[in-house]
Amino acid sequence: MTSQPTLTKAGNGPGEPGEPGPGLQAGLKNRHLSMIAIGGVIGAGLFVGSSSGIATAGPGILLSYALVGALVVFVMRMLGEMSAANPTSGSFSAHADRALGPWAGFSIGWLYWFFWVVVLAVEATAGAKILEGWIPAVPQWGWALIVMVVLTATNLASVGSYGEFEFWFAGIKVVAIAAFIVVGGLAVFGLLPGVDSEQAGLSNLTDHGGFLPNGPGAVLTGVLLVVFSFMGSEIPTLAAGESEDPQRAVTKATNSIIWRIAVFYLGSIFVVVTLLPWDSRSIVDLGSYVAALDSLGIPNAGEVMNFIVLTSVLSCLNSGLYTASRMAFSLGQRGDAPKAFARTTRRGVPQTAILSSVVFGFVAVFFNYKFPDTVFLFLLNSSGAVALLVWLVICFSQLRLRKIIQAEAPEKLVVRMWLYPYLTWLTAAVIVFVLGYMLTDTEHDGRSTVLLTLLVAAVVLVIAVVKQRVVARKS
């Protein structure tokens, strides 16, 4: 019988949990955390990737988003429970380290870092394409370089500057999507003049082959297409360690995840599939949101959406760099990465961790331009299922840590997972099912994504086990 790990303090340095030591500093204000939490679930993937999901599942894509949304709500509740008890910049990686062992914290921490480094390349390229379209005098690689340099400088300045930039980026996204839902909703119910009442309406949910035109199985395929657009909802728990009141920030972010997903994801997708028939050619040709704006008669709908997508891209880049660097910092603190990663400047910025993440981000950008169909495709696919692995590790960590917290410091359980442990086990089972279903998906690269991610995970896991044994021998 293995002994249970003790509940250790998990701040950013010496002191009480969440209290900044000589390392990271509490530079994020409550308004920063609130907007990071609200905007964190609105990624560029929602605007760009939803059209393929609609084309696959029809109006039934609403069920796909609802299923994944429920999964994220449960996972965030578990993560909120652990992070409210022990706020730390390492979030789920640090929790896995304590609950499951150093091998788990090492593996999931590096996989998560790898995911965001690849995302940096994807988002930098996406943003560069939009900017080149507006100002073609600057080549695409030049725009990618400019965007990366500006956001790197922002992150290097202070955590407060990251928070301020993200506050405004997220604010623009939130306002834009809220306006889209309100205006689109008025059009759906016939309250907006100048909109084709025969095309827009609730009848679009059933008139074109039914609610599930491609059968119930298409809902599961839709899950595979939308699941990765939810990655980022965990960022507030990483950022909480640098906030004024970590426990309050985590609790607030966790409690608000339900309405955020319901409004921004389900609400906006509902507007799209009721404004236009799901099989409308414009959804595929223009993209779901551009097509919806176009149907409302909004002038320059494509450029309006390009601006919103660019804002989402910059937000994702900003947060991706922040998240990757804080995970690297946490790994450095625990001896799972070079010690230099855990060093901070006088302003509490992990400079080496940021610059190292940026360097690998630039390498990935280079691969994206030079070898898009070989090296970069491998990087993209091999990081694709990391979100599901992270969620699975959160489930198993929470199962173990709940018992430890309850035994040693029950007063820290200010956020509790519902129906523990049954709902946790059910969530883990659904995640495993989704991974298994992806192995049967050859049309949308689901199988190659899972296999390559598991291959990279296996390599990282072997390194973790070898490292743990070397450390054990030395001690």
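Bear in mind that the values here come from a model prediction, so they are computed numbers and not experimental data. Sequence positions, counted from 1, serve as the residue numbers for this chain.
Between W116 and G232 the shortest heavy-atom distance is CZ2-CA, 4.2 Å. When every heavy atom of A428 is checked against every heavy atom of L392, the shortest pair comes out as O-CD1, 3.6 Å. The two residues A96 and I108 have their closest heavy-atom pair at CB-CG2, 4.5 Å. Of all heavy-atom pairs between V174 and F264, the closest is CG1-CZ, 3.8 Å. Taking both residues in full, the closest heavy atoms of M148 and G361 are given as CE-C, 3.9 Å, listed atom of the first, atom of the second, then distance. Smallest separation of non-hydrogen atoms from A239 and L33: CB-CD1, 4.2 Å.
In R334, the CZ atom is crowded: over 12 heavy atoms of neighbouring residues, nucleotides or ligands sit closer than 6.0 Å. Counting heavy-atom neighbours within 6.0 Å of E443 CD, excluding the residue itself, gives a total of 12 or less. When the shell of 6.0 Å around OH of Y437 is examined, it contains more than 12 heavy atoms from other residues, nucleotides or ligands. More than 12 non-hydrogen atoms from other residues, nucleotides or ligands lie less than 6.0 angstrom from CZ of F114.
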Exercise. Y322 and E166: side chain to side chain donor-acceptor pair (under 3.5 Å), yes or no, with the steps?
Worked result: CA-CA 10 Å; Y322 171 83; E166 192 55 26; over 6 Å; no
Problem set entry | Full working for side chain to side chain donor-acceptor pair (under 3.5 Å) between N155 and N318 | CA-CA 8 Å; N155 275 267; N318 196 35; 3.2 Å; yes
For this session: Could you give me the CA-CA distance, side-chain angles and deciding distance for W391 and E234, then say whether side chain to side chain donor-acceptor pair (under 3.5 Å) is met?
Result: CA-CA 10 Å; W391 296 348; E234 71 290 333; 4.7 Å; no
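Under 3.5 Å, the side chains of Y289 and S51 contain no donor-acceptor pair of N or O atoms. If you check the side chains of N30 and D245, you find no donor sitting under 3.5 Å from an acceptor. A donor-acceptor contact closer than 3.5 angstrom links the side chains of Y162 and S319. Looking at S50 and S288, their side chains do bring a donor and an acceptor atom within 3.5 Å of each other.
Taking CZ from F378 and OG from S448, the interatomic distance works out to 11.0 Å, rounded to the nearest 0.5 Å. I235 contributes atom CD1, which lies 8.5 Å from atom CE of M231 (distance to the nearest 0.5 angstrom). Between the CG atom of L455 and the CG atom of N381 there is a distance of 12.0 Å, given to the nearest 0.5 Å.
No option in R416, R402, K412 other than R402 meets the salt bridge (charged side-chain N to carboxylate O under 4.0 Å, His left out) test with E81.
Note on ring orientation: taking the six-membered ring where Trp is involved, the planes of F371 and F366 are perpendicular (angle over 60°, cut-offs 30° and 60°).
Pairs passing the side chain to side chain donor-acceptor pair (under 3.5 Å) check and including a residue from residues 453-467, sequence neighbours excluded, read D336-K467. The salt bridge (charged side-chain N to carboxylate O under 4.0 Å, His left out) analysis of residues 111-137, with sequence neighbours excluded, yields no pairs.
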Under 3.5 Å, which donor-acceptor pairs link side chains of residues 418-426 to any protein atom two or more places apart or in another chain?
{"residue": "Y420", "atom": "OH", "partner": "L399", "partner atom": "O", "Å": "2.9"}
{"residue": "T424", "atom": "OG1", "partner": "Q398", "partner atom": "OE1", "Å": "2.9"}

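By the 4.0 Å N-to-carboxylate-O rule, K29 lies too far from E164 to be salt-bridged with it.
Here the side chains of I405 and P410 are not in contact, with every heavy-atom distance at 4.5 Å or above.
Cation-pi geometry between R31 and F167 is satisfied (NZ or CZ under 6.0 Å from the ring centre, within 45° of the ring normal).
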